[in-house]
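Worksheet: one structure, shown below.
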Amino acid sequence: MQIYNTMTRRKEELVPLTPGVIRMYVCGPTVYNFFHIGNARPFVVFDTLRRYLEYKGFNVVFAQNFTDIDDKLIRRAGEEGITVPEVAERYIQEYYTDADALGVERSSVNPRATEHIGEIVALVQTLIDKGHAYAADNGDVYFSVRSYPAYGKLSGQSIEDLESGARIDPTEHKRDPLDFALWKGAKPGEPSWETPWGRGRPGWHIECSAMSMNILGETFDIHAGGQDLVFPHHENEIAQSEAATGKPFARYWMHNGYININNEKMSKSLGNFMLVRDIAKEFDLEAVRFFLLSAQYRNPVNFSRELVEQADAALLRIRNARERLDEALAKPAPSSTAEDEAFIASVAEFRGRWEEAMEDDLNTADAIGVLFDFTRAANGFISEPRGEASLRAADALLRDVCSVMGILRHKKEEAFPKEALDLLEERKAARAAKNWARADEIREALKAMGFAVEDGKEGAKLKRL
RNA sequence: GGCACCAUAGCCAAGCGGUAAGGCAGAGGUCUGCAAAACCUUUAUUCCCCGGUUCGAUUCCGGGUGGUGCCUCCA
């Protein structure tokens with residue numbers, strides 16, 4: 001599989017450190033609020049990568065953290081009059097509510113910063129011991145950027161360029177404006193932990209280094225996140241981690257593009273964000289997931305209600321195909337013919353094309369194109385009775401594709417209210433009597449109740465609208 | 001100022017050296033009592049502009065134009 005590596009700015013063959021195992025780390029949410037659609041993109045995209053790798057037979061160790069101690073949580077706790085752990089716990093649960101609805105599989109591990117304080121402190125101590133970090137007089141500990149000559153290798157910037165562009169940091173505790181905090185000295189009323197250099201709490205960047213290396217090893221395969229994390233977050237992680245261990249940190253760096261609103265980056269600071277929680281009031285989040293996968297993950301995508309509606313309409317095609325196939329599968333099958341053989345061969349081709357798209361740096365847009373091509377072929381093929389083997393081949397492909405893409409996860413709701421079923425019966429009688437006026441009237445009534453009627457060869461069906 | 005990214009139909013979006021996938025929306029048709037779903041046909045003489053390389057460029061190179069992002073918390 002080819003993966004675009006931000007470090008080398010090229011697509012590279014993904015070769016895991018340990019054959020058959022992929023160790024990956026995705027930067028997770030800071031849990032002080034509900035997450036927005038922009039935050040959702042990496043969750044969905046890298047979940048899809050994980051699912052694909054598992055489909056290919058890899059054992060994927062997938063870690064996504066929760067940042068549960070930082071300025072924003074402290075502020076939030078103050079605003080709500082509750083403790084920082086209470087804020088964290090609440091929004092971790094809210095994260096799961098939205099992530100589950102988006103079809104994001106649970107991580108193998110969900111480390112929380114506060115549960116790894118020991119490793120974080122040890123890592124900071126190592127950096128101090130090796131001369132890469134220093135404790136300032138206010139209890140902060142800073143990483144000395146100039147002590148790590150390779151600094152800037154991920155973002156493609158030299159220390160000098162960064163220096164000239166850096167805004168003046170008001171803090172006087174740093175020796176160099178580029179230095180960043182590994183540890184923040186305790187302030188009154190804030191959560192803090194005891195360390196050899198005084199009480200305090202971890203800085204943001206060091207958490208991810210400590211947790212990822214602790215769980216996945218000092219060198220692991222994939223480190224992923226949004227493009228806005230390239231600098232400084234991931235650059236800093238590399239500096240800290242490699243300075244401490246002397247070994248390469250992550251081997252492949254993957255970064256997803258932004259979600260935009262009117263071609264402008266959606267972000268909490270700009271205030272133009274849309275909460276996944278709010279979108280869920282209007283749309284099935286499966287449509288949102290499908291929308292997110294309808295573009296290649298590195299490209300920016302605009303978000304709008306209209307586009308989710310388009311995605312929803314497109315998804316309906318796949319749902320309908322799924323239903324038609326289920327119905328075909330439920331019928332007695334005639335014995336296979338040469339046409340079945342040919343169809344089975346074409347299914348194998350579709351599978352090949354789909355995998356090829358997925359393996360080209362997770363080109364889900366292209367992969368979806370293959371899915372639709374397959375859908376049309378299958379819909380046409382099953383318009384008449386077909387052998388079991390060919391139906392099963394189609395079923396297996398559709399299942400695999402949907403499973404990797406995380407769509408069509410819901411079971412069909414077959415429980416219709418008695419009132420609706422009675423109306424359907426009455427309509428059947430009316431149609432038998434060729435009383436079309438009454439039949440149409442009932443169809444309208446059912447529509448008003450939220451059900452569509454579809455007349456097929458084997459009678460009428462109800463569908464939820 | 002430094003470092004990147006993007007520009008393909010009404011709306012999305014692949015393709016990235018061999019003559020424009022797919023979806024939504026629209027139009028026509030088959031099926032249907034009428035619909036719906038499904039299927040078929042149709043919708044870009046052309047990929048922001050100008051040069052260059054090439055037998056051949058949407059695809060590579062150079063230069064423009066327009067838009068975006070990172071360099072500060074941010075997915």
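Hydrogens, waters and symmetry mates are skipped; everything else that's a heavy atom, side chains included, is used. The structure displayed is predicted, hence computed values, not measured ones. Residue numbers start from 1 in every chain, and the chains themselves are labelled A, B, ... in the order their sequence lines are given, proteins ahead of strands.
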| On RNA chain B, nearest-nucleotide positions of A452(A) versus R431(A): which is more 5'? | R431(A)
| said: Categorize L371(A) for me: base, sugar-phosphate, or nothing, with a 4.0 angstrom heavy-atom threshold over every strand shown. | reply: nothing
| Does the C5(B) base have a donor-acceptor partner in the side chain of R298(A) within less than 3.5 Å? | no
| request: For nucleotides G29(B) and U43(B), find the distance between their C1' atoms and express it as a whole number of Å. | output: 15 Å
| query | Side-chain N or O of N263(A) less than 4.0 angstrom from OP1 or OP2 on C6(B)? | reply | no
| Out of A4(B), G15(B), A75(B), which has the shortest distance to the side chain of D360(A)? | G15(B)
| query | Near RNA chain B, which residues from residues 32-51 of chain A have a heavy atom under 4.0 Å away? | reply | H36(A), G38(A), N39(A), P42(A)
| query | On a plain distance test, is the side chain of R443(A) in donor-acceptor contact with the base of A36(B) below 3.5 Å? | reply | no
| Options C70(B), G33(B), G2(B), nucleotide nearest the side-chain atoms of D455(A) | G33(B)
| field | Candidates C70(B), G2(B), C11(B) - which lies nearest the side chain of Q157(A) | value | G2(B)
| request: Sequence neighbours left out, what passes side chain to side chain contact (heavy atoms under 4.5 Å, CB included) with A295(A)? Give chain and number order. | output: V301(A)
| said: The criterion is side-chain hydrogen bond (donor to acceptor under 3.5 Å, both in side chains); which residues satisfy it with Y96(A), sequence neighbours excluded? | reply: N110(A)
| Over how many whole Å does the gap from N256(A) atom CG to G69(B) atom C1' extend? | 13 Å
| remark: Under a 3.5 Å limit on both distances, the Watson-Crick or wobble mate of A9(B) is none
| query | Salt bridge or not for K184(A) and E190(A), using N-O below 4.0 Å? | reply | no
| request: Measure from the side chain of L307(A), starting at C-beta and using heavy atoms only, and say which of C70(B), A37(B), C12(B) lies closest. | output: C12(B)
| said: Mind checking if G152(A) touches a base, just sugar-phosphate, or nothing, with heavy atoms under 4.0 Å? | reply: nothing
| request: Under 4.0 Å between any heavy atoms, over every strand shown, what does V370(A) touch: base, sugar-phosphate, or nothing? Just pick one. | output: nothing
| In whole angstroms, how far is the P atom of G22(B) from the CH2 atom of W354(A)? | 20 Å
| field | Length of the CD1-P vector between I407(A) and G23(B), whole Å | value | 14 Å
| request: Take atom OH of Y151(A) and atom P of C3(B), then tell me their distance rounded to the nearest Å. | output: 17 Å
| field | OP1 or OP2 of C70(B) under 4.0 Å from side-chain N/O of K265(A) | value | yes
| Residue list, ring-ring contact (aromatic ring centres under 6.0 Å, His included) with F290(A), at least two apart or on another chain | none
| remark: Regarding the side chain of E306(A), the nearest nucleotide among A75(B), C11(B), A13(B) is C11(B)
| Side chain of N363(A) (C-beta onward), nearest among C3(B), G15(B), A75(B) | G15(B)
| Just to confirm, is there a sub-4.0 Å distance from OP1 or OP2 of A37(B) to any side-chain nitrogen or oxygen of N379(A)? | no
| note | Which of K461(A), R431(A), K463(A) passes salt bridge (Lys or Arg N to Asp or Glu O under 4.0 Å) with D455(A)? Answer is R431(A)
| query | Near RNA chain B, under 4.0 Å by heavy atom, which residues of residues 312-319 of chain A? | reply | A313(A), A314(A), R317(A)
| request: Could you check whether Y258(A) gets within reach of a base, just the sugar-phosphate, or nothing at all, counting any heavy atom under 4.0 Å? | output: base
| task | Indicate, with a heavy-atom threshold strictly under 4.0 Å, whether Q296(A) touches base, sugar-phosphate, or nothing. | result | sugar-phosphate
| query | Do D179(A) and R146(A) meet the salt-bridge criterion of a basic N to acidic O distance under 4.0 Å? | reply | no
| Is any N or O donor-acceptor pair between the side chain of D440(A) and the base of G33(B) shorter than 3.5 Å? | yes
| query | Within the structure, does a side-chain N or O atom of R376(A) lie under 4.0 Å from either OP1 or OP2 of C40(B)? | reply | yes
| query | For E105(A), what residues pass the side chain to side chain contact (heavy atoms under 4.5 Å, CB included) criterion, not counting sequence neighbours? | reply | D47(A), R50(A), R51(A), E54(A)
| message | What contact category does R322(A) fall into here, base, sugar-phosphate, or nothing, at under 4.0 angstrom with non-hydrogen atoms? | response | nothing
| said: If you only use heavy atoms from C-beta on, which nucleotide in G33(B), C3(B), A36(B) is closest to the side chain of R9(A)? | reply: C3(B)
| said: How many whole angstroms separate atom CE of M358(A) from atom P of G15(B)? | reply: 14 Å
| Residues R438(A), E441(A): salt bridge by 4.0 Å N-O rule | yes
| task | Scan G226(A) against the nucleic acid and name what it touches under 4.0 Å (heavy atoms): base, sugar-phosphate only, or nothing. | result | sugar-phosphate
Which side-chain N or O atoms in residues 307-314 of chain A pair as donor and acceptor under 3.5 Å with protein atoms at least two apart or in another chain?
none

| request: Identify, between G456(A) and R353(A), the residue whose nearest nucleotide on RNA chain B lies closer to the 5' end. | output: R353(A)
| note | Residue set satisfying side chain to side chain contact (heavy atoms under 4.5 Å, CB included) with A394(A), at least two apart, ordered chain then number -> L325(A), F343(A), F374(A)
| query | How far, in whole Å, is C16(B) from C60(B) if one measures between their C1' atoms? | reply | 9 Å
| task | Between C3(B) and U42(B), how far apart are the C1' atoms? Round to whole Å, please. | result | 47 Å
| Donor/acceptor link under 3.5 angstrom from Q310(A) side chain onto base of G23(B) | yes
For residues 150-159 of chain A, tabulate all N or O donor-acceptor pairs below 3.5 Å that involve a side-chain atom, not counting sequence neighbours.
| residue | atom | partner | partner atom | Å |
| --- | --- | --- | --- | --- |
| Y151(A) | OH | N236(A) | OD1 | 2.4 |
| K153(A) | NZ | E242(A) | OE1 | 2.8 |
| S155(A) | OG | E235(A) | OE1 | 2.6 |
| S158(A) | OG | D161(A) | N | 3.1 |
| S158(A) | OG | D161(A) | OD2 | 3.1 |

| remark: Residues passing the ring-ring contact (aromatic ring centres under 6.0 Å, His included) test with F34(A), sequence neighbours excluded, are Y91(A)
| said: Please give me every residue in residues 284-294 of chain A whose heavy atoms get under 4.0 Å of an atom in RNA chain B, ordered by residue number. | reply: S294(A)
| Does N299(A) place a side-chain N or O at less than 4.0 Å from the phosphate oxygens OP1/OP2 of C5(B)? | no
| message | Tell me every residue that passes side chain to side chain contact (heavy atoms under 4.5 Å, CB included) with N272(A), counting only those two or more places apart in sequence or in another chain. | response | I261(A), E264(A), M266(A), L270(A)
| query | Are F249(A) and F220(A) near enough that their ring centres are under 6.0 Å apart? | reply | yes
| request: Looking at every strand, decide which applies to A295(A) at a 4.0 Å heavy-atom threshold: base, sugar-phosphate, or nothing. | output: sugar-phosphate
| task | Considering only NZ, NE, NH1 and NH2 on the basic side and carboxylate oxygens on the acidic side, decide whether D71(A) and R75(A) come within less than 4.0 Å. | result | no
